Amino acid sequence: MNVNTTTASAQASTLSDMLQQARSQQMSLTALFQAAEGFGGAGLLAHSADLYKTWIAFNDIHPLLHMACFNYAVCLRNMGDLAGSIQALRACLKQEPMFGPAHINLGRALEDCGLIGQAVGQWRTFSEATGEITPDRLSHRLMALEHTGRVLETAGQLADAETALWQAIELQPSKPEAGQHWTSLRQHQCKWPLLTPSIHVSARQLVDALSPLTLGCYADDPLFQLAKAYRYGQKLVGRPDTVGFPRKPTRLKTGTGQRLRVGYVSSDLRQHAVGFALCEVLELHDKSSVEIYAYYCGEPRSGDTTHNRIRNAVDCWRDITALSDIDAARQIVADEIDVLIDVNGYTKQARTKIFAYRPAPVIVNFCGYPGTMSSPFHQYMITDAQIVPPENEIYYTEKVLRIACDQPVDRKREVAERPTRAQAGLPEDAFVYASFNGMQKITAECFARWMKILSATPGSVLWLLGASEDVNQRLREAAAQSGVAAERLIFAAKAPNPQHLARIGLADLFLDTFPYGAHSTAADAITMGLPVLTFPGKTFAARFCSSIVAAAGIPELICSTPDEYVSRAIALAHDRKSLTAIKDALQRNRETSVLRDIPGLARRLEELFWQIQGEAERGETPVPNLRNLDVYYEIGAELVLAGVEFEDDRAYRRRYLEKLAQWHDHAPLAPDSRLWAEPTGRAGR
């Protein structure tokens with residue numbers, strides 16, 4: 001007899017016996033759970049479901065019937081029977097209306113069915129019913145509020161999402177998850193001041209909840225940015241169990257004629273700012289020198305020309321979206337990658353934990369994230385000298401390597417026919433200032449500078465990329481409060497990329513934001529002949545735009561202070577001749593500028609990849625310096641609340657040194673080669 005047939009027969013007999021016990025009420029709840037779990041572990045979910053269904057039918061007066069209904073719902077969900085799962089969850093709640101896990105799971109099931117309103121209603125029902133909270137219910141109430149906020153945010157109902165998330169914050173202010181989304185939502189809605197503490201939530205707790213990207217939009221503080229990334233990475237990744245994980249030593253390739261195997265990991269190899277930036281670079285890599293692997297971890301794409309171009313450009317394309325972190329890392333090891341590029345950093349859909357397994361001898365932070373990773377496993381960062389001049393390397397844990405400009409462009413992108421100003425909703429004769437950065441980058445101080453500029457240039461308008469009507473109206477009202485007519489703010493509707501690129505050149509001058517400046521939006525503007533005015537700060541995000549402006553050959557539009565930025569913007573509106581000369585220079589030098597030298601960029605990247613490989617072969621791979629970052633975090637969290645928007649390097653470092661000296665006086669600090677370079681505190685000029 002076939003062994004499998006014998007096994008199946010025995011399992012069927014076992015199920016029959018158990019069903020009889022359930023029908024005769026001779027099976028305890030514990031025995032039910034153990035039996036169902038055993039069937040599930042053997043892959044026999046249908047047996048588990050039959051057992052639960054029978055037990056529930058014949059044990060309807062059991063005091064813990066709701067627990068069986070809940071587990072039955074989970075079993076059905078795992079079998080793909082969503083409707084049955086919903087029915088079981090409702091039966092559970094009929095037995096025990098305050099059973100939090102059932103409310104959470106029912107809301108998730110309704111969400112998965114596209115019933116967003118019912119899902120939110122389910123979570124709200126539980127939230128409102130749990131006024132008298134026990135520690136057990138608190139976590140479920142918190143989860144319900146967080147899910148409500150997440151779904152409402154995705155649905156574009158930002159104000160309602162913000163309300164739900166604030167309730168979650170006040171419930172447990174020490175947990176950062178809700179706070180991260182809440183502050184981001186406020187930034188996207190231009191709600192100022194950003195951080196609004198209450199009697200239940202301190203300003204420090206709101207600062208602790210900031211994500212690194214949200215902090216980048218909030219403060220120009222590279223030391224706190226460094227420490228924030230370190231703490232964020234620790235929480236996000238932790239210390240994964242790497243025991244038994246296969247690691248391969250550096251392979252000797254220099255001088256052997258073998259190609260260097262380079263892997264790019266990203267969720268954005270598609271119609272996305274990062275995909276646009278990397279597309280032509282990947283097409284131009286010298287395939288006699290490097291072999292390119294792409295590891296995609298983003299959403300499925302269909303009809304995406306950028307996605308398809310990248311797939312065709314690389315030697316090997318792997319979609320790792322469905323793989324676990326450790327399995328994705330194992331795939332990278334199996335592919336024998338020499339240099340692994342993290343293109344996501346701490347951005348949406350990032351798979352940072354993959355890199356914690358160190359699946360390649362060296363890991364590089366490049367292109368997708370504006371800052372240091374502050375991790376123990378990112379050894380290099382590729383950027384340029386404008387973004388990270390040598391004196392600013394202390395703000396990064398990676399060894400800094402440099403290319404000419406850190407903003408690749410795709411010279412093959414499609415551009416539609418340019419519309420007229422009237423077609424774009426712009427006045428024909430007005431001086432048009434523009435800023436196509438996301439709303440989250442507009443701070444109260446940035447907006448105030450723009451209002452000064454408009455006040456000093458009668459007849460000018462400010463052209464912004466529109467958000468929801470609520471947000472647009474909020475900015476109109478802020479303009480009116482500053483003495484600027486609301487109609488002088490014009491909001492551009494979202495448009496497909498070719499149409500958006502075509503309309504950019506209708507403006508006269510692009511105004512950068514601070515502290516998080518324009519990145520790809522600045523490159524797009526300059527590509528379409530629109531000059532960009534900026535002033536750099538100290539963080540990566542605050543210096544990026546100045547790199548693009550310099551690479552385009554118009555360094556005269558890089559200001560040194562916010563006041564100079566305002567006066568220069570006003571002067572250019574009154575001096576059209578000077579502005580025309582700048583535009584002519586942009587057009588004249590367009591194809592010969594550093595910004596558009598993509599073949600040169602590809603060659604330089606390959607040089608750096610081989611330099612990294614050589615250092616690895618010689619045992620010279622750098623070790624990230626993570627010393628004293630907890631102290632820098634505590635100091636930065638205190639200093640950032642002082643609200644200093646802009647200051648020179650000397651004043652900035654002096655503030656940190658004073659605090660470091662106080663810490664050292666309390667408990668001696670080891671030297672860290674940043675500001676605290678010596679135990680005496682004499683460091684950092």
Side-chain angles (χ1 to χ4, degrees), residues 40-41 43 45 74 77-80 82 108 111-112 150 154 177 232-251 260-272 274-275 278-279 282 285 290-304 306-369 373 375-379:
L45 288 175
V74 172
R77 176 65 181 253
N78 291 338
M79 292 172 64
L82 196 55
R108 291 297 301 270
E111 177 192 358
D112 290 343
R150 174 181 57 81
T154 302
E177 290 81 2
Y232 185 84
Q234 283 186 314
K235 183 171 181 60
L236 179 70
V237 177
R239 296 184 63 185
D241 183 5
T242 59
V243 174
F245 182 83
R247 284 188 193 166
K248 295 185 179 179
T250 302
R251 301 162 190 86
L260 193 66
R261 196 167 285 187
V262 178
Y264 288 83
V265 182
S266 177
S267 64
D268 300 325
L269 302 178
R270 53 186 175 85
Q271 288 190 4
H272 180 279
V274 171
L278 281 179
C279 190
L282 294 173
H285 268 317
V290 293
E291 185 178 4
I292 303 299
Y293 280 61
Y295 298 93
Y296 181 67
C297 54
E299 300 167 355
R301 308 299 292 178
S302 177
D304 186 321
T306 302
H307 187 73
N308 293 337
R309 278 177 60 191
I310 293 174
R311 290 190 67 158
N312 292 332
V314 301
D315 295 278
C316 180
W317 173 275
R318 297 201 187 281
D319 190 329
I320 60 170
T321 306
L323 296 181
S324 67
D325 293 325
I326 192 168
D327 285 341
R330 286 192 180 107
Q331 180 64 66
I332 294 168
V333 171
D335 289 335
E336 298 187 338
I337 298 299
D338 300 301
V339 177
L340 189 62
I341 315 295
D342 181 359
V343 185
N344 269 123
Y346 296 129
T347 60
K348 188 177 181 180
Q349 295 181 311
R351 299 288 297 276
T352 314
K353 198 169 183 177
I354 291 173
F355 302 95
Y357 291 101
R358 301 177 188 258
V362 285
I363 296 170
V364 181
N365 170 16
F366 171 58
C367 191
Y369 178 68
M373 291 297 291
S375 87
F377 40 84
H378 288 78
Q379 298 110 333

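This is a predicted model, so every value here is computed, not measured.
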Trainee: Specify the closest pair of heavy atoms between L269 and H307, including all atoms of both residues, with the distance to one decimal.
Mentor: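 L269 and H307 have their closest heavy atoms at O-ND1, 2.8 Å.
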Trainee: Distance check, rounded to the nearest 0.5 Å: C316 atom SG versus R311 atom CZ?
Mentor: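 Atom-to-atom, C316:SG and R311:CZ are 10.5 Å apart.
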Trainee: Say whether, by atom type as modelled, one donor and one acceptor occur between the side chain of Y293 and the main chain of D315 under 3.5 angstrom.
Mentor: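 The answer is no, because no donor-acceptor pair under 3.5 Å joins these two groups.
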Trainee: Nearest 0.5 Å please: distance from the CG atom of D112 over to the CZ atom of R77.
Mentor: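 It is 4.5 Å, given to the nearest 0.5 Å.
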Trainee: With no hydrogens and no angle check, just 3.5 Å: does a side-chain donor-acceptor pair link D327 and Q331?
Mentor: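 The answer is no; no qualifying pair exists.
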Trainee: Give the minimum heavy-atom separation between K353 and D325, together with the two atoms involved.
Mentor: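 Looks like CB-OD2, 3.5 Å.
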Trainee: Within a strict 4.5 Å, meaning less than it, do heavy atoms of the E111 and R150 side chains meet?
Mentor: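 Heavy-atom side-chain distance check passes, below 4.5 Å.
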Trainee: Tell me the closest heavy-atom pair linking G345 and A350, and the distance in Å.
Mentor: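 So the minimum-distance heavy-atom pair works out to O-CB, 3.0 Å.
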Trainee: With heavy-atom distances below 4.5 Å as the criterion, would you say the side chains of T242 and R247 are in contact?
Mentor: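 In short, these two side chains touch, coming nearer than 4.5 Å.
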Trainee: With no hydrogens and no angle check, is any side-chain donor or acceptor of Y296 less than 3.5 Å from a backbone partner on E299?
Mentor: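 Looks like yes, one N/O pair under 3.5 Å.
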Trainee: In plain terms, say whether E177 and K235 are close enough for a salt bridge, that is, a side-chain N and a carboxylate O under 4.0 Å apart.
Mentor: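 Here E177 pairs with K235 in a salt bridge, since their nearest N and O are under 4.0 Å apart.
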Trainee: Test side-chain contact (heavy atoms from CB on, under 4.5 Å) on E336 and E291; report intermediate values, then the result.
Mentor: CA-CA 11 Å; E336 298 187 338; E291 185 178 4; over 6 Å; no
Trainee: Considering all heavy atoms of both residues, which atom of R351 and which atom of I320 are nearest to each other, and what is their separation?
Mentor: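 Here R351 and I320 meet closest at NH1-O, 3.3 Å.
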Trainee: Return the orientation label for the H378 and F355 ring planes: parallel under 30°, perpendicular over 60°, tilted otherwise.
Mentor: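 Tilted, since the angle between the ring planes falls between 30° and 60°.
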Trainee: Any ion pair linking R251 and D338 (charged N to carboxylate O, less than 4.0 Å)?
Mentor: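 Here D338 pairs with R251 in a salt bridge, since their nearest N and O are under 4.0 Å apart.
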Trainee: Which heavy atom of F245 sits nearest a heavy atom of P359, and at what distance?
Mentor: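 Closest approach of F245 to P359, heavy atoms only: CE2-CA, 4.4 Å.
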Trainee: Drop me the distance from Y357's OH to D241's CG, to the nearest 0.5 angstrom.
Mentor: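 The OH atom of Y357 sits 7.5 Å away from the CG atom of D241.
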Trainee: Rounded to the nearest 0.5 Å, what separation is found between the CG atom of D342 and the OH atom of Y264?
Mentor: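 OH of Y264 is found 12.5 Å from CG of D342.
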Trainee: Per the side chain to side chain donor-acceptor pair (under 3.5 Å) rule, which among T321, D335, D319 passes with Y295?
Mentor: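 Single side chain to side chain donor-acceptor pair (under 3.5 Å) partner of Y295 among T321, D335, D319: D335.
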